[in-house]
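Everything quoted here is computed from the prediction, not taken from an experiment.
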Amino acid sequence: MQEDPEDMTPQAARNRLAEELRRETASRGWAPATLTSASSLQASTISDALSGRHTPSSGTLHAILKALFPSTIGGTISPNGRSNPEVARCILFNQLRDQAARRPPREINNTPNPSPQAGTLTIRPPDRSGRPFRETRMEATWTFHAGRIPGIARTLAVSDTKLFVSSPDGLWALNPHTGEEEWPDRFSGGGYVSSPPAAMDESVFVSSRDHLYALRASSGEVQWKTPTRDSPEVVTAMPNGMILAAGGKHLMAFDAVTGTELWSGGRRFTSGIYRSPVVHRNSAYVNVARTGVWALSTEDGSTKWAHETDMSGLSQIAATDDLVFATSQHLQALNAETGEEEWTIEGAWSPSVENDILYLGGSEQVVALDVRNGYREKWVSRSPGGTPRVAGGVVYLAYGRELWALDAATGQGIWRFKLSDYIWWAPLVAHGFVYAGDHEGYVYAVPV
């Protein structure tokens, strides 16, 4: 006797529904490609969902259902038709779909708050009784002006010997200690550079006009270029020798040495990718705007799991062996193996994991949670938020018109640095400096 859908967990319901859909498509003789036009899903997405290799998302299953039964799925089915085998099957599918979409509150163990709301990790407010910062006035060792570029802080990358700054007008290589230009000429990319740079070993990678370029870091000489789908806005260098490039709705993988495309055809999503994917072990975690978080195999780009969310896709992802952290106006902790939500923190975003501590920027505060101790609260400090960057026992944040430094052990403020205009992206820490850029196009090197 089959288990009642109402008695099943959402994950079990999704697995059961995927199994039933496999049978249904097989009985009709339909291949995944047959459903692509009717569902607007990619054939690879449908194949992954029905493969049995992982738990598919309820949204993907619902799209497949609508393609199979366009007149009944998602609507009301009359009980008078229950004697009809096809209607009865649709009723079962609808029940499984509804149960699969449910997200009951989860019990949270070892939460930083002794009395959290069910399913939500809450953080106590920071102590506002005194100023957390000493009155230390910091000055930049050098500045570089690349022209007025909104969001210039995300256009920085660093190698062992260079600091790279990009804008739509080109890519510069600077001496990280003096700010002096190191290449005879900036790389113009034919008049338009579409992505921030990414550095790996002796190369720097950047995109321009539907091509990905590998440049020699020492001279700016082009080592190779390869065509891409659309003009990538995100280029990420991975520790495994892979370059990921996201343009429009496409995610592509290339060999860093040769420029050879590694995933045949890449991956196409229903929305854009605006922040760098994160690779941990053999998974690449991708935040797709207004769609969700995807876990892909680094070997071939196939889907391991997908977690549906309406996030804007502008938030960065962080990952540990057990959890994947993705944020918008709140943080979601997802199971690294299944994509299931484990817990959330309202009003916290911009995660960063360093030395087994999870740092979270939030609304007028920064929170440090101990990863090895069940994510218990280590400290909460007053600050304007921003994405934390940790180096040498110091947490650096840039937000508004200020660059902040906090003691990583206590959250106590160390210093603040005033920028000439706004910055919205995380600073870069290397070579004994904190590098940050503002909307006026100035890059600052502040000693750590």
Side-chain angles (χ1 to χ4, degrees), residues 48 53-55 57 106 108 110 112 121 154 198 200 234-246 251 253 263 267 269 273-289 291-309 311-328 330-345 348-362 366-376 378 386-391 395 408 425-426 428-429:
D48 282 342
R53 293 193 299 266
H54 62 88
T55 300
S57 70
R106 290 172 172 265
I108 298 175
N110 299 324
L121 212 78
R154 74 186 290 245
M200 178 190 293
V234 175
V235 174
T236 307
M238 298 301 178
N240 59 358
M242 177 189 297
I243 305 297
L244 294 181
L251 179 66
W263 300 343
R267 289 299 307 266
F269 298 92
I273 301 168
Y274 305 111
R275 295 301 297 267
S276 298
V278 170
V279 169
H280 188 77
R281 295 187 181 274
N282 60 350
S283 297
Y285 301 105
V286 186
N287 195 351
V288 183
T291 300
V293 178
W294 295 65
L296 308 179
S297 166
T298 55
E299 181 178 352
D300 57 9
S302 61
T303 301
K304 292 187 173 183
W305 52 256
H307 178 83
E308 294 176 89
T309 178
M311 293 178 184
S312 66
L314 296 178
S315 60
Q316 187 61 55
I317 290 177
T320 66
D321 290 346
D322 303 316
L323 294 175
V324 178
F325 304 99
T327 63
S328 184
H330 64 279
L331 176 131
Q332 291 179 306
L334 310 178
N335 186 292
E337 292 296 323
T338 67
E340 292 292 304
E341 184 179 285
E342 298 286 345
W343 43 263
T344 64
I345 300 179
W349 54 88
S350 301
S352 180
V353 179
E354 296 287 343
N355 301 323
D356 290 322
I357 302 295
L358 172 64
Y359 299 93
L360 301 172
V366 177
V367 180
L369 305 179
D370 190 335
V371 172
R372 290 179 296 183
N373 195 22
Y375 294 89
R376 290 187 180 276
K378 184 177 177 67
T387 301
R389 289 288 183 264
V390 186
V395 181
W425 304 92
L428 183 63
V429 186

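Taking D321 as the reference, H280, R281 meet the side-chain hydrogen bond (donor to acceptor under 3.5 Å, both in side chains) condition, with sequence neighbours excluded. Residues that satisfy the salt bridge (Lys or Arg N to Asp or Glu O under 4.0 Å) test with D356, not counting sequence neighbours, are R372. Scored by the side-chain hydrogen bond (donor to acceptor under 3.5 Å, both in side chains) test, S283 finds K304 as partners (sequence neighbours excluded). For D322, there are no side-chain hydrogen bond (donor to acceptor under 3.5 Å, both in side chains) partners at least two apart in sequence or on another chain. Under the side-chain contact (heavy atoms from CB on, under 4.5 Å) criterion, E299 pairs with S297, sequence neighbours left out. Residues forming a side-chain hydrogen bond (donor to acceptor under 3.5 Å, both in side chains) with T298 (at least two apart in sequence, or on another chain): none.
Of all heavy-atom pairs between P277 and V234, the closest is CD-CG1, 4.1 Å. Shown here for R267 and G301, the closest heavy-atom pair between the two residues is NH1-O, 2.7 Å. In plain terms, the two heavy atoms of V395 and P388 that are nearest each other are CG1-CB, 3.8 Å. Nearest heavy-atom pair across V293 and A326 is CG2-CB, 3.6 Å.
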Practice problem: Evaluate the side chain to side chain contact (heavy atoms under 4.5 Å, CB included) criterion for residues W305 and N335: first the C-alpha distance (whole Å), next the side-chain angles of each, then the deciding distance (0.1 Å), finally the verdict. | Solution: CA-CA 10 Å; W305 52 256; N335 186 292; over 6 Å; no
Quiz prompt | Criterion side chain to side chain contact (heavy atoms under 4.5 Å, CB included) on Y285 and L334, from CA distance to verdict | solution = CA-CA 11 Å; Y285 301 105; L334 310 178; over 6 Å; no
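To the nearest 0.5 Å, the span separating OG1 on T291 from CZ on F269 amounts to 9.0 Å. Remark: I317 CD1 to F325 CZ distance equals 11.5 Å, nearest 0.5 Å. Between the CG atom in L251 and the CG atom in L296 there is a gap of 6.5 Å [rounded to 0.5 Å]. Atoms CE and CE, on M200 and M242 in that order, are 9.5 Å from each other to the nearest 0.5 Å. Atom CG of L331 sits about 8.0 Å away from atom OG1 of T344, to the nearest 0.5 Å. The structure places CG of L323 at 6.5 Å from CH2 of W343, a figure rounded to the nearest 0.5 Å.
Side chain of N355 to backbone of I357: no donor-acceptor contact under 3.5 angstrom is found.
For the pair V279/M238, a side-chain contact is recorded, criterion being any heavy-atom separation below 4.5 Å from C-beta on.
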